[in-house]
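If you're wondering where the values come from, they're calculated on a predicted model, not measured in any experiment.
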Amino acid sequence: MNPQSSRTPFNRRTFLSLAAAGGMSATLAACGGGTSPRDAGGADPVAASGDGGASGYDGPNVDLAFWNGFTGGDGPTMKALVDQFNTEHANIAVTMTTMQWADYYSKLPTAVSSGNGPDVGIMHVDSVATNAARNVIQPLDDVATALELQESDFAPVPWQAGIFDGKRFAIPLDVHPLGFYYNKALMEEAGLDPEAPPTDEASYMEALEALKGAGIQGHWASPFPFTGGLSVQSLIYQFGGSLFNEDGTTVLWAEEPGVKAMTWWADLIKQGYSPAKVDQDADYVALKNGENAFNWNGIWQINDLKQTDLEWGVAALPNIGGTPAAWAGSHQFVLPVQKSADENKAQASRVFLNWISEQSQAWGEAGQVPARNSAREAEEFTSLEEQNTLASQIDDLKFLPAVPGIGDCMGEFDKALNASVLGGADPAKALADAAARAQKILEDNATKYGR
């Protein structure tokens, strides 16, 4: 939800491992040992003293465990924030444990079930509903109410994404959207203005034609989830469609907008703007090596490109279909369910959660867009030119509906992408076949999660 570092921790490997983790839902849901995914080993939420951490913490010394998957360059940034918090709060000692995201999602339900879960965690937005339904994480309405957190304090899209079944289960930390990266030297070689990247379909196709005329295949079309799948998902929304209906009960990607999106992507190859077979990550490597001019990729690549000698720029995704939209992920704070009541830890955890949220302008340096409005408006963030540019998309970002197990369906979408782009299948048929399989998954999940 790259799944973000000076290199790129949310790279192909991370993305594919997260996709694999999404397929584990049936196994992980069984951790509770009963028929209801709401039962995670009999654990019950432990409420704070009633003010959600608003009054701070003045109790005895407590140790808090904080788990996350920030294994790349974003890890040191978060660790520095944790260290700062510990310095300012003598009676709260937070220990940060970092692991690969796939391991994190595998270990967390089991740890909660056994009473050994962390006090605070980070979760990608598309995993919140699933873990809420399994009773792995607890509601945070007390935090939002006591701290007077409102939608107006945050970007609306990630704020709303933390709600499941009418309850808030997550507080947004950031969003990490796709952006449009371009090689200025190649644009200039093709007679294009390197300071004026294309912004819509007409200017984009004109640019690709100019690049093609200069012997440059301008935009390599990946047949893989990363970055092809994220790009086509963005295009579906741009063409006025959606992956699912609003309540996540019906697959919609085989409708006309989806067919237009997949066809546009596959046509990059047919029209000679892309090689026929693009290996995983080859599109981004080609940008860095001066082999293509355009690449749609995540905000986490900014820090990586800054380490090169490439003449490059980044902009919001061009509006190909007529509706501004871009895929994005989001890291959100969660409080795992605790088997044993500890009011002091519960209160201190909420104090920590709110403090980090308030400091999140520093998180932009790790290659993220803070979800909190005040953090995005702070000089520390606005001075980050590239991140601030991609933050302009914040109201147009798209997440999956908050439905347990919905990520299980996306493997079927990825099969349609691969068949259409790499296998030459008819996009309409590939999407329809995939949608039928995904619809069955949705219906099975509805039964499994008691929806």
Side-chain angles (χ1 to χ4, degrees), residues 2 4 8 10-11 15 175-190 192-212 216-222 224-239 261 264-265 267-268 273-274 278 281-306 308 310-329 364 367-369 384-398:
N2 302 1
Q4 297 187 9
T8 169
F10 195 78
N11 56 14
F15 185 85
V175 294
H176 34 270
L178 280 193
F180 168 32
Y181 295 90
Y182 49 95
N183 183 317
K184 292 184 177 183
L186 289 185
M187 289 181 68
E188 195 165 15
E189 184 179 329
L192 301 169
D193 184 349
E195 303 303 327
T199 59
D200 56 17
E201 183 177 26
S203 59
Y204 204 78
M205 302 312 294
E206 289 174 6
L208 288 179
E209 275 296 312
L211 289 161
K212 183 179 176 182
I216 302 164
Q217 290 178 305
H219 188 153
W220 290 22
S222 169
F224 297 98
F226 186 88
T227 57
L230 309 186
S231 299
V232 176
Q233 289 175 43
S234 301
L235 287 165
I236 291 174
Y237 290 106
Q238 288 191 3
F239 279 107
W264 188 90
W265 192 252
D267 281 352
L268 291 174
Y273 305 133
S274 168
V278 177
D281 293 333
D283 51 330
Y284 179 63
V285 173
L287 177 81
K288 294 173 67 174
N289 290 343
E291 298 177 72
N292 70 20
F294 299 155
N295 182 239
W296 296 4
N297 217 305
I299 190 172
W300 49 85
Q301 301 293 26
I302 288 173
N303 287 339
D304 184 49
L305 288 171
K306 283 184 175 180
T308 71
L310 189 72
E311 296 179 60
W312 63 281
V314 65
L317 286 190
N319 185 352
I320 303 299
T323 301
W327 174 92
Q368 316 286 344
V369 176
L384 301 171
E385 180 181 353
E386 294 85 3
Q387 285 92 328
N388 198 44
T389 294
L390 294 189
S392 67
Q393 303 175 112
I394 194 110
D395 292 331
D396 303 319
L397 302 180
K398 302 297 181 181

**Report entry** Point-to-point distance, once rounded to the nearest 0.5 Å, from CD of Gln238 to CD of Gln233
**Finding:** 12.5 Å
Query raised in the report: For Lys288, which residues count as a salt bridge (charged side-chain N to carboxylate O under 4.0 Å, His left out) partner, sequence neighbours excluded?
Result: Asp304
Query raised in the report: What is the minimum heavy-atom distance between Ala210 and Leu192, and which atoms define it?
Result: CB-CD2, 3.9 Å
Query raised in the report: Do the side chains of Trp220 and Leu268 get nearer than 4.5 Å, heavy atoms only?
Result: no
**Report entry** ring-ring contact (aromatic ring centres under 6.0 Å, His included) involving Tyr182 - partner list, sequence neighbours excluded
**Finding:** Phe180
Query raised in the report: Can you name the residues that form a side chain to side chain contact (heavy atoms under 4.5 Å, CB included) with Glu189, not counting sequence neighbours?
Result: Leu186, Ile216
Query raised in the report: Sub-3.5 Å donor-acceptor pair from the side chain of Gln387 to the main-chain atoms of Gly364, do we have one?
Result: yes
Query - Pairwise side-chain contact, Ile320 with Trp264, heavy-atom cut-off 4.5 Å (strictly under) - result: yes
Query raised in the report: Asn297 and Phe226: side-chain contact (heavy atoms from CB on, under 4.5 Å), yes or no, with the steps?
Result: CA-CA 8 Å; Asn297 217 305; Phe226 186 88; 3.6 Å; yes
**Report entry** Over all atoms of both residues, closest heavy-atom pair of Ala326 and Leu178
**Finding:** CB-O, 4.4 Å
Requested in this report: Quick one: closest heavy-atom pair of Leu235 and Ala261, and the distance?
Outcome: CB-CB, 3.5 Å
Report summary line: Looking only at heavy atoms, the pair that brings Leu211 and Ala293 closest together is CD1-CB, 3.7 Å
Report summary line: Closest heavy-atom pair, Met187 versus Ala196, reported as atoms and distance to 0.1 Å, is CE-O, 4.2 Å
Query raised in the report: If you measure from CD1 on Ile236 to OG on Ser231, what distance do you get to the nearest 0.5 Å?
Result: 11.0 Å
Query - By side chain to side chain contact (heavy atoms under 4.5 Å, CB included) - contacts of Glu209 (at least two apart) - result: Lys212, Tyr273
Query raised in the report: Is Phe294 close to Leu208 at the side-chain level, that is, under 4.5 Å between some pair of heavy atoms?
Result: yes
Query raised in the report: If you round to the nearest 0.5 Å, how far is OG1 of Thr323 from NZ of Lys398?
Result: 8.0 Å
Query raised in the report: Listed by chain and number, what are the side chain to side chain contact (heavy atoms under 4.5 Å, CB included) partners of Ser203, not counting sequence neighbours?
Result: Pro198, Thr199, Asp200
Query raised in the report: Under the side chain to side chain donor-acceptor pair (under 3.5 Å) test, which residues partner Trp296, sequence neighbours left out?
Result: Tyr204
Query raised in the report: Mind checking whether His219 and Trp265 have parallel, tilted or perpendicular rings, split at 30° and 60°?
Result: perpendicular
**Report entry** With sequence neighbours excluded, residues passing salt bridge (charged side-chain N to carboxylate O under 4.0 Å, His left out) with Glu385
**Finding:** none
Report summary line: side chain to side chain donor-acceptor pair (under 3.5 Å) filter on Lys306, not counting sequence neighbours, yields Glu386
Query raised in the report: Does Gln217 use its side chain to pair, donor to acceptor, with the backbone of Glu291 at less than 3.5 Å?
Result: no
Report task. Any chance you could lay out the side-chain contact (heavy atoms from CB on, under 4.5 Å) test for Asn289 and Val285, step after step, and finish with the verdict? Result -> CA-CA 6 Å; Asn289 290 343; Val285 173; 3.3 Å; yes
Requested in this report: Please round to the nearest 0.5 Å and tell me the distance separating atom CG of Asp267 and atom CE of Met205.
Outcome: 8.0 Å
Query - Atom pair OH/CD1 of Tyr181 and Ile302 - distance to nearest 0.5 Å - result: 4.5 Å
Query - With Asn183 via side chain to side chain donor-acceptor pair (under 3.5 Å) - residues at least two apart - result: none
Query raised in the report: Asp283: what forms a side chain to side chain donor-acceptor pair (under 3.5 Å) with it, not counting sequence neighbours?
Result: Thr227, Asn295
Requested in this report: Using side chain to side chain contact (heavy atoms under 4.5 Å, CB included) as the criterion, list what pairs up with Ile394, not counting sequence neighbours.
Outcome: Ala155, Val175, Val369, Arg376
Report task. Write down the atom of Leu390, the atom of Ala316, and the distance for their closest heavy-atom approach. Result -> CD2-N, 4.1 Å
**Report entry** Side-chain donor/acceptor of Ser392 to backbone N/O of Asn388, under 3.5 Å
**Finding:** no
